[in-house]
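Structure, as structure tokens:
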Amino acid sequence: MLRVTGAMAVAMATSGCLLSIDDNRVNADASVDALGVEAATDATDATDGHIGTCPQGMIEVPAPDAGRPYCVDATEVTNGAYKTFLAAADPPKPGAQIAACDSWNTTYAPPGWTGTELGDLPVSFLDWCDAYAYCKWAGKRLCAAVGGGALDFNTGFATAASEWWLACSRGGTRVYPYGSTYDPQACIGSDYDAGSQSPPLAVGSASGCQGGYPGLFDMTGNVSEFLDSCGSTPNPTCGTSGPECDLCLLVGGGLHDGENRLNCSYANEVNRNSHYDDNGFRCCADVP
């Protein structure tokens, strides 16, 4: 189920609800964006976010209204990292998962997992519970609400309440992570490189798909990303009435998607137990 369309995001930009900034560099004269988020101006931020604050492989993102900044994974979680998690934590022990997952999610391994998957590709085919468990195991969290806790399923996404959306849109100033004009060759979707993107490509390999903040890659495209944002009413078409059929948000679009989905305000509603070839995720964390 479509939550927010690319057309809506483009309309917001053209009506002035989103502010356009230079697509190729951080504008040092525009240090505060549309939501009161202080933008990074140090040139060294282009590779490491705010240097010395986030763990390796994560980028610091400022919060609205001078709130506490937080960290976001620079890329989607890879097969290589997920393989390490499976070796340590699979199969899950009874009681190891949150209540919404514990009764039915018997393995963290995606369907068809062999352990020989290319390590630099984003892990895919996993369900929401797998993504949530990985981030918890890694000492992080599935990206959720700014300040902590799950993101409100009905009203939270594409607002200043969402960690993921703030990071992708550079605090609400961009439609796409790289700017305000769609570039079919920027991020890995159905228009990228004549459609040769299936299966997903190595994380960070699309150098034009960087942003909203420097050092963040593939916020749209390659694989869609689960958020800690689920409803409490099971999808009636799912087949059961358990929490595995609750709807959860999957954002950013994936390798099969085009302009209308490869933007920061696109969200899809999928069952908690859904497995697709472009289901993926990244984690967020507090600044140490």
Side-chain angles (χ1 to χ4, degrees), residues 2 6 57-59 72-86 90 107-135 138 140 142-143 164 167-168 176-178 182-212 215-227 248-264 266-284:
L2 179 66
M58 302 191 83
I59 301 300
V72 179
D73 280 346
T75 69
E76 297 147 337
V77 173
T78 64
N79 285 327
Y82 200 78
K83 181 178 180 179
T84 301
F85 162 65
L86 289 178
D90 194 60
T107 179
Y108 297 134
W113 179 268
T114 65
T116 61
E117 290 76 8
L118 294 176
D120 59 355
L121 267 59
V123 64
S124 60
F125 279 110
L126 39 72
D127 62 41
W128 183 93
C129 294
D130 303 334
Y132 186 96
Y134 173 94
C135 291
K140 306 175 184 180
L142 194 59
C143 293
W164 189 95
C168 181
Y176 310 99
Y178 48 84
Y182 178 66
D183 180 352
Q185 296 303 311
C187 297
I188 301 166
S190 59
D191 298 325
Y192 183 82
D193 199 20
S196 63
Q197 73 289 345
S198 186
L201 302 183
V203 298
S205 60
S207 59
C209 196
Q210 182 175 186
L216 290 174
F217 290 89
D218 303 324
M219 292 295 287
T220 63
N222 218 14
V223 291
S224 301
E225 302 183 19
F226 278 117
L227 300 184
C248 301
L249 294 188
L250 191 67
V251 300
L255 70 159
H256 304 301
D257 298 320
E259 180 176 2
N260 67 322
R261 295 188 176 192
L262 296 186
N263 64 76
C264 297
Y266 169 76
N268 197 12
E269 298 174 358
V270 299
N271 298 336
R272 196 189 300 268
N273 65 355
S274 65
H275 296 271
Y276 298 112
D277 65 346
D278 62 347
N279 277 15
F281 70 103
R282 74 181 72 214
C283 306
C284 291

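Just so it is clear, the model here is predicted, and its values are computed rather than measured. We count residues from 1, following the sequence as given.
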Please report the closest heavy-atom contact between Gly254 and Leu262, naming both atoms and the distance.
O-CD2, 3.7 Å
Using every non-hydrogen atom in the two residues, find where Phe125 and His275 come nearest and quote the distance to one decimal.
O-ND1, 2.6 Å
Donor-acceptor pair, side chain of Arg282 and main chain of Asp218, under 3.5 angstrom:
yes
Run the ring-centre check on Phe226 versus Tyr132 and record whether the distance is less than 6.0 Å.
no
Might you point out which heavy atoms bring Ser124 and Val223 nearest each other, and give the distance in Å?
CB-CG1, 4.2 Å
Any side-chain donor paired with an acceptor under 3.5 Å for Tyr266 and Asp257?
no
Applying side chain to side chain contact (heavy atoms under 4.5 Å, CB included) to Asp278 and His256, what does each step give before you reach the verdict?
CA-CA 8 Å; Asp278 62 347; His256 304 301; 3.9 Å; yes
Looking only at side chains, do Glu117 and Thr114 share a donor and an acceptor under 3.5 Å apart?
yes
Evaluate the criterion salt bridge (charged side-chain N to carboxylate O under 4.0 Å, His left out) for residue pair Lys140 and Asp73; output intermediate values, then yes/no.
CA-CA 10 Å; Lys140 306 175 184 180; Asp73 280 346; 2.8 Å; yes
Distance-minimising heavy-atom pair for Val72 and Cys284
CG2-SG, 3.8 Å
CA sep, side-chain torsions, deciding dist, call: Asp191, Tyr182, side chain to side chain donor-acceptor pair (under 3.5 Å)
CA-CA 11 Å; Asp191 298 325; Tyr182 178 66; 2.6 Å; yes
Closer than 3.5 angstrom, by distance alone: can the side chain of Glu225 be matched with the main-chain N or O of Val251 as a donor-acceptor pair?
no
Given 3.5 Å as the limit, does a donor-acceptor pair link the side chain of Asn268 with the main chain of Leu249, or not?
no
Should the SG-SG distance of Cys264 and Cys168 be recorded as below 2.5 Å?
yes
Ignoring hydrogens and angles, tell me if any N or O in the side chain of Asn222 forms a donor-acceptor pair with the backbone of Leu201 under 3.5 Å.
yes
On the 0 to 90° scale, with breaks at 30° and 60°, tag the Phe85-Tyr108 ring pair as parallel, tilted or perpendicular.
tilted
Let me see the working for Asn279 and Ser274 under side chain to side chain contact (heavy atoms under 4.5 Å, CB included), right down to the final yes or no.
CA-CA 8 Å; Asn279 277 15; Ser274 65; 3.5 Å; yes
In the structure I gave you, are the side-chain heavy atoms of Trp113 and Val123 within less than 4.5 Å of one another anywhere?
yes
Evaluate the criterion side chain to side chain contact (heavy atoms under 4.5 Å, CB included) for residue pair Thr78 and Leu121; output intermediate values, then yes/no.
CA-CA 5 Å; Thr78 64; Leu121 267 59; over 6 Å; no
Side chains of Leu126 and Pro110: closer than 4.5 Å at any heavy-atom pair?
yes
Can you tell me if the gamma sulfurs of Cys209 and Cys187 sit closer than 2.5 Å?
yes
What one should report as the nearest heavy-atom pair of Ala74 and Ile59 is CB-CG1, 4.1 Å
Verify, without hydrogens or angle tests, whether Asp127 (side chain) and Cys129 (backbone) share a donor-acceptor contact under 3.5 angstrom.
yes
Using the ring of each side chain (for Trp, its six-membered ring), is Phe281 parallel, tilted or perpendicular to Tyr134, with breaks at 30° and 60°?
perpendicular
Return yes if some donor-acceptor pair links the side-chain N/O of Trp128 with the main-chain N/O of Leu227 below 3.5 Å, else return no.
yes
For a quick check under 3.5 Å, do Asp90 and Thr107 share a side-chain donor-acceptor pair by atom type?
yes
Of the non-hydrogen atoms in Met219 and Pro177, which two are nearest, and what is the gap between them?
CB-CB, 4.2 Å
To the closest 0.5 Å, what do you measure between CD (Gln185) and OG (Ser207)?
11.0 Å
Please report the C-alpha distance between Arg272 and Cys248 in whole Å, then the side-chain angles of each, then the deciding distance to 0.1 Å, and finally whether the side chain to side chain contact (heavy atoms under 4.5 Å, CB included) criterion is met.
CA-CA 6 Å; Arg272 196 189 300 268; Cys248 301; 3.8 Å; yes
Is there a donor-acceptor pair closer than 3.5 Å between any side-chain N or O of Tyr176 and the backbone N or O of Gly211?
no
